[in-house]
Amino acid sequence: MTIQLLAFYFFAFFAVLGALLVISLRNPVHAVLSLVMTFFSVACIWMLLDAEFLALALIVVYVGAVMVLFLFVVMMLDIKVAAAREGFIRYLPVGIGVALIMLAEMIALIGVRAMQVAPPPNPATMRGESNVAWIGQALYTQYLLPFEVAALILTVGIVAAVALTLRQRTGVRHQSASQQVAAVARDRVRLVSMPAERGDDGAKS
């Protein structure tokens, strides 16, 4: 328990440090990298709580996909840092007020949960399995139909996004891959042989 407590304090320190760096750093790229450190530290804390599925999902989905996309977008865009921070001081009191309200709500929630009875034991631990194995077995047996419905809805969303991207619009130039592949060099370029002519200064042109 002592080792786990020290590990929790270690990961929690870097999680809080990364969160503070996200809102304090002036460079957007550094802020995104600090958010990656925060997510990874929180994933390590979830590993200590035997929530392996949440930890792996956080690393694979957020750190491995979403944050890489954020970093790519931030590096591609020409963000004016000075203009983005012009209204920081003006909205600082409102931000502090919202943060205090959220802190009070979290403390109240923790107090209410502490006064309740002990939670039921972890079913994965009772069966001697890992969290990932138990969730996978429950997901593909007991909750197979809702899982397939959710997958179908996501597939429809992907198809709709592709259809909206490929729709024909007037006045917009677009590429045609079939026409580009079928292009022949002799149809694009024509070489013409012309005799040389003398200019006024006597030089050939």
Side-chain angles (χ1 to χ4, degrees), residues 1-114 116 119 121-125 129-139 147 150-151 153-154 157-158 161:
M1 293 299 294
T2 304
I3 297 177
Q4 292 183 356
L5 187 60
L6 293 176
F8 171 77
Y9 286 140
F10 177 78
F11 296 138
F13 170 77
F14 283 103
V16 175
L17 178 63
L20 293 176
L21 291 177
V22 170
I23 61 176
S24 60
L25 291 175
R26 295 182 177 272
N27 193 328
V29 178
H30 295 169
V32 172
L33 293 177
S34 300
L35 188 56
V36 171
M37 182 181 69
T38 302
F39 283 158
F40 191 83
S41 301
V42 173
C44 294
I45 295 176
W46 282 347
M47 279 288 187
L48 293 177
L49 298 176
D50 295 331
E52 296 90 357
F53 178 78
L54 294 178
L56 295 177
L58 182 62
I59 294 177
V60 174
V61 177
Y62 286 93
V63 177
V66 177
M67 294 314 304
V68 173
L69 178 62
F70 283 178
L71 184 61
F72 176 76
V73 173
V74 168
M75 294 179 66
M76 290 295 294
L77 296 178
D78 187 13
I79 299 178
K80 303 298 182 182
V81 179
R85 292 181 175 269
E86 287 180 353
F88 179 77
I89 301 299
R90 182 174 54 183
Y91 297 109
L92 182 61
V94 179
I96 293 177
V98 173
L100 292 177
I101 294 174
M102 294 174 60
L103 179 62
E105 291 177 350
M106 288 188 294
I107 293 176
L109 180 62
I110 293 173
V112 171
R113 292 292 299 272
Q116 293 178 355
N122 191 349
T125 305
E129 299 177 349
S130 63
N131 182 261
V132 178
W134 181 82
I135 290 179
Q137 184 176 2
L139 189 64
F147 180 77
I153 294 175
L154 293 177
I158 294 174

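Numbering starts at 1 and runs along the sequence shown.
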Problem - CG on Leu54 to CD1 on Ile59, rounded to 0.5 Å - result: 11.5 Å
Practice task
To the nearest 0.5 Å, tell me how far Leu139 CG sits from Trp134 CH2.
Solution key: 10.0 Å
Problem - Partner residues of Phe147 under the ring-ring contact (aromatic ring centres under 6.0 Å, His included) criterion, sequence neighbours left out - result: Tyr140
Exercise for the section: List for me each residue that meets ring-ring contact (aromatic ring centres under 6.0 Å, His included) alongside Phe14, sequence neighbours excluded, and say none if there are none. Expected result: Phe10
Please list every donor-acceptor pair under 3.5 Å in which a side-chain atom of residues 30-47 meets a protein atom from a residue at least two apart or in another chain.
unit_1, atom_1, unit_2, atom_2, d
Ser34, OG, His30, O, 2.9
Thr38, OG1, Ala19, N, 3.1
Thr38, OG1, Ser34, O, 3.0
Ser41, OG, Met37, O, 2.9

